[in-house]
Amino acid sequence: ASAAEKIRLATQATGTFGWELAVARAYGLDKAAGLELETTELATTEAGKIALVGGGADIILSDWLWVARERGLGQPLLFFPHSTGLGAVMAKEPAKFSSAADLVGKKLGVAGGPLDKSWLLLQAWGLKQGVDLKSQANIVYGAPALLAEKLAQGELDAALEFWTFCARLETKGFGRAVDLIDVEKDLGAKSPVIVTGYVFTPAFAARQGPALARFFTMMKQAKKLIAEDDAAFAKIAGMTGLPDAAGQAIVRRYYRAGVPTDALDSEVADAAALYKVLAKIGGPQLVGGATELDQALFYRAP
Amino acid sequence: MIRLFSLGLFLLAWQFGAMTLGPHHLPAPAQVAATFADEWRSGDMPLNLGLTLMRVLAGFTLAMIAGSALGLALGRKPALDRLLDPWLVIALNTPALVVIILAYVWGGLNEISALAAIALNKFPNAVVTLREGARALDPALDEMAEVFAFSRWRRWRDVLLPQLAPYFAAAARGGLALVWKIVLVVELLGRPNGVGFKMGMAFQLFDLPLLLAYALPFVALMVVAETFVLRPAERSANWWRRHGD
Amino acid sequence: MIRLFSLGLFLLAWQFGAMTLGPHHLPAPAQVAATFADEWRSGDMPLNLGLTLMRVLAGFTLAMIAGSALGLALGRKPALDRLLDPWLVIALNTPALVVIILAYVWGGLNEISALAAIALNKFPNAVVTLREGARALDPALDEMAEVFAFSRWRRWRDVLLPQLAPYFAAAARGGLALVWKIVLVVELLGRPNGVGFKMGMAFQLFDLPLLLAYALPFVALMVVAETFVLRPAERSANWWRRHGD
Amino acid sequence: MAIEISGLTKIFARVNGDGREVFRDFSLTLGAGKVAALLGPSGCGKSTLLRLIAGIEKLSAGSVVVPAKRIGMAFQEPRLLPWRSVADNLRLAAPGLSDAALDASLAAFELDGRGGDFPGQLSLGLARRVALARAFAVEPDLLLLDEPFASLDLALHRRLRALLAQRIAARGMTVLIATHDLDDALLLADEVIFLGGAPAQVKQRLELDMPREQRDENLTKLRTLAPFYPSSEGEGGGKSGSS
Amino acid sequence: MAIEISGLTKIFARVNGDGREVFRDFSLTLGAGKVAALLGPSGCGKSTLLRLIAGIEKLSAGSVVVPAKRIGMAFQEPRLLPWRSVADNLRLAAPGLSDAALDASLAAFELDGRGGDFPGQLSLGLARRVALARAFAVEPDLLLLDEPFASLDLALHRRLRALLAQRIAARGMTVLIATHDLDDALLLADEVIFLGGAPAQVKQRLELDMPREQRDENLTKLRTLAPFYPSSEGEGGGKSGSS
Ligand SMILES: Nc1ncnc2c1ncn2[C@@H]1O[C@H](COP(=O)(O)OP(=O)(O)OP(=O)(O)O)[C@@H](O)[C@H]1O
Ligand SMILES: Nc1ncnc2c1ncn2[C@@H]1O[C@H](COP(=O)(O)OP(=O)(O)OP(=O)(O)O)[C@@H](O)[C@H]1O
Ligand SMILES: [Mg+2]
Ligand SMILES: [Mg+2]
């Protein structure tokens, strides 16, 4: 057999991509797939983008909105689904903040900044209920970790967080006031919509098509193992950053919910539907010129 | 004027670099300028730039005044210096991230915590520089001022300040740049506006033209300030150095 | 010794603060120490600290040498200064984030880009400080060296260096701290190891003890270096200043 | 009120650890309103004594009592602020100085037209005159002059010495002059103090009663009062006077 | 090979814009191996001339030709490196100096035991002697001395003047001495140049042929050669000599 083909990956150190790769290695899935995976762990998601643009990595994890934007700006990147995991509005007493009207005049933390897609979805959801959250709630942007801490301190009434932080907040007794999955449905998606995916250049896809296919299959296997095999999850439980089993179980529940299940075509349709909503709220700043999703961004194996 | 020529050269080099590297690795000046114009028209640029400038000025003033005062005291009183030096070294080397996070955690996500974090980050630098200045003061002139019973104010303005001027210049030039950089991080981590906040967004989108459009106005401002304020002021203040030939 | 006392006071203040604010706002020294011990035993701490130290040293050395050389040249040759000053102001005020991103995008995500980014960030600060030093040089001593035909080396070591020493001291003290802070950001944005990488992770997990456990060893190192290397060296180098009373 | 120095010890630290003792158990009283001249070999401690009296040198032991007074001092080097013009250097020391007084002061020391120069633009002799003008500008009660006429040509030296004599006559002040020129001492002082040795001691004291205005004519006679001190008069160069 | 100054113009810039012209179209030739003394009122341009010859002052016009030579110079202030000991200050200027030569050099200028002191620990007179020792230590072909004996007591002044005469006799060098002391000029110089005026001009030149060893005895007679220049001899203080 020929030598294993090399794929260079940039991962975010605390993210789920890392868990999956660890499991894949532990179970020898990479060797089985004939792949040599060279991973660069980075501290932030943005660092991955530097890696890809600078040519330091073949595949990174990012969201399709960004890919759509880059394509609009002339960088024809490709995207393949990884996870549907979305965050939620977390609060000490979740029941008190279940509708948009409940958030009016409240101090709402928003992780990821004004162009974060969860936040845009939440705004669209609010507008449907006749509430302009951006102006009617007291918005505090900040780093997700800092906002989680501030919510715990009681400085915020509620916070829109990424799902990994939602899980940690749940271990501290906070609950989901508004789940973004419900928001998506409310806005016209049929099932949980893809959020993150593998991003790479067409040149790489053309060069390494078969290896890429084997890579995706391998990742799917790893995801399945984490979701279903307790022994596999035990191997990476330490990477969740939570010390106790109860917390880890919560994270795993979130993780499981994020594993994509739909066929690619229905994912694309849902994404296109949401894109219109996002484009309207986020404006050209977010999406560039296009108002329709450029569906060619979704990679289909040749 | 030679400075204009030098700036032109810089723009040329930039343009040339952009053409060789491609717009994805380095956006061309025109592209950045267009992005800037868009942001200005939308009102985002004036607002955020203004806020950032205010934070820079406030943080800088606070840190320079307090830092210089302490630096001078430490430079002139070795006993005090021995006592406070370890604290200073700690303050100097504590990463900005830690200071900013702690400030936000203790003081809340608000403007006052932000300003405190900014000032605290710059403060030890000013202390260190001015302390060196104070140590290098000429005791002969001090004695002269003592004998002729100079008032505190005259001693400060006419004897000490001119000797410290180069240290102030170094602390101020380096310090303004440092404060501006810290303000960016402070805004990135916990403010809903300002250039740092906007640059964080641009960074998330990996939008280099937007990033540069927000990064460069302050740079341009400093070039202007250097050309029309700092340089001429220094030239006249330093006449005596040129020994008239 | 007064320094030990001062450090003890610091630990006491920290402990007291931790007790009042609670471990969630400020982890106690013992907790941080325990985390540090864990990380040390696991081998993570020595590895990452070592890598970071190497980057700090390399970046610092590079930037100080190049920066001082250029700073001196600019301070002594006003024409060159006028030509390069705008570039310097631009370099000085370009946010670290921008420099780091561009370095990584142009040079790839590797150690060389990282070092270049580190050195480029510190470089203009060294230039600015040493330029002030060069401007403040005493022409009378230069003339003396000229008349007695001092060799280049002796002119440098015996005439210029002692006059520049306080500026070097300021640039080095502030510079080491600055480089260390920049290394953290450089590691955060594009290195798979090092203290900055670890602190980024700790921040994502909002693990304050871990954050401090990684932030403080360098600080401690600097306190030790200051106490046992810098201070004694300065004391003996500055004997002549004390005018023997 | 006189200047009282008693039991003064002054030890300067040295690199190798042991100190250099410039004064040991040194005592001296100078009458108020009197002019005293300090003579002694180079390095014996004249400047140190002036500095101790001015209060800018710490003592190792003993006491130096100087009644609180307005002090004017001309250091052995000019000690001007290099970043201030000649006029500003004077004004800073004597804030009350009117423009007319400033001009008069500059003219008296033959510094006309030099008010706008910076110290770096002066010859040493000019700079020292500025320092002298400054010492007088404060209208001192106690005037400390460290080699006031060094670096001046002889003609100027004499004119300024005459000026000093005039001013002393016009306005009572306590004056202490360190000098290497016996004539300065003989023409100006009420009392000449010859220092010598290490640690320094008073080797001789010479009281001069002759009114100052008569001393010029009697200079040759006055010189005979200090036969032990080499004078520039006529006895030739090289061989003479091993102090 | 002589020093040739021709058509020299030197203008210093001033704050208000117009310059101060110290020399205008000034010419002077100094013979090789000769000793010349420069006299003139304070501020006339003596130091500037020495600095022009030493090559550390730019000229505004004209030419100063100094054959490439080893220069020893004593500035009007000591100009020692404050961060180097006395011994190191000498060694830096004269790297070839052996330890024995260093000690001898210090002893000759009565600086025994001062090698380890820093300049800040010296009295002005001591520091100036170090500067003199340094100028000699380089074994110069051209020696430029700016008021070499100022701030020294008269006895020491004479001993060092004798030393200088000795060294000149022992070793041919071109020497230029700026001084305010006519005796220095008369005892040491082959040629005395009296400067004056602004811009400075040569007012008088005086050639002295008498062998240096005979001059001590004949000093009084020599003084009569320059009746226009005030001498310290006997004629009293205040009134005389408006330059
Ligand atoms: N760097 C300078 N800038 C401006 N003017 C200067 C400078 N150096 C000297 N001068 C002026 O040039 C003239 C001559 O100065 P110089 O030092 O040569 O005098 P000098 O004859 O040595 O006097 P002295 O006997 O007082 O030392 C003086 O009027 C002085 O003010
Ligand atoms: N700051 C100092 N540190 C150490 N020694 C000093 C210091 N100042 C003066 N001395 C020493 O004290 C002695 C007296 O110095 P001082 O300046 O009083 O002498 P002086 O009589 O004024 O001599 P001169 O006539 O040369 O000016 C000298 O031996 C000198 O070396
Ligand atoms: Mg003295
Ligand atoms: Mg002179």
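Sequence lines set the chain letters: A, B, ... in the order given, protein chains first and strands last, and positions in each chain run from 1.
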Aromatic D:Phe136 / basic D:Arg167 pairing, under 6.0 angstrom, 45° off normal: yes
Looking only at heavy atoms, the pair that brings D:Pro82 and B:Leu141 closest together is CD-CD1, 4.4 Å
Note: B:Asn121 and B:Ala96 closest approach over all heavy atoms is OD1-CA, 3.4 Å
Count the heavy-atom pairs under 4.5 Å between each of [options] and chain B, then report the option with the highest count.
{"options": "D:Ala94, D:Pro95, D:Pro119, D:Ser85", "result": "D:Pro95"}
{"options": "D:Leu81, D:Leu92, D:Val138, D:Ile56", "result": "D:Leu92"}
{"options": "D:Trp83, D:Phe118, D:Phe75", "result": "D:Trp83"}

*Any side-chain heavy atom of D:Leu59 sitting closer than 4.5 Å to one from D:Val64?*
yes
Proximity breakdown for [X] and chain B, heavy-atom pairs closer than 4.5 Å:
{"X": "D:Arg134", "answer": "both"}
{"X": "D:Arg84", "answer": "side chain"}
{"X": "D:Leu80", "answer": "backbone"}

Heavy atoms from other residues, nucleotides or ligands near CD1 of B:Ile112 exceed 12 (cutoff 6.0 Å): no
Show the numbers, then the answer: is there a side-chain hydrogen bond (donor to acceptor under 3.5 Å, both in side chains) between D:Thr174 and D:Lys69?
CA-CA 10 Å; D:Thr174 311; D:Lys69 280 176 161 179; 3.3 Å; yes
Most contact-rich option vs chain D, by heavy-atom pairs under 4.5 angstrom, among B:Asp158, B:Val147, B:Val159, is B:Asp158
Under 4.5 Å to a heavy atom of chain D? For B:Glu143 that would be both
Under 4.5 Å to a heavy atom of chain D? For B:Arg155 that would be neither
Quick note, ring pair (Phe, Tyr, Trp, His ring centres under 6.0 Å) partners involving residues 112-167 of chain B, not counting sequence neighbours, are B:Tyr167-C:Tyr167
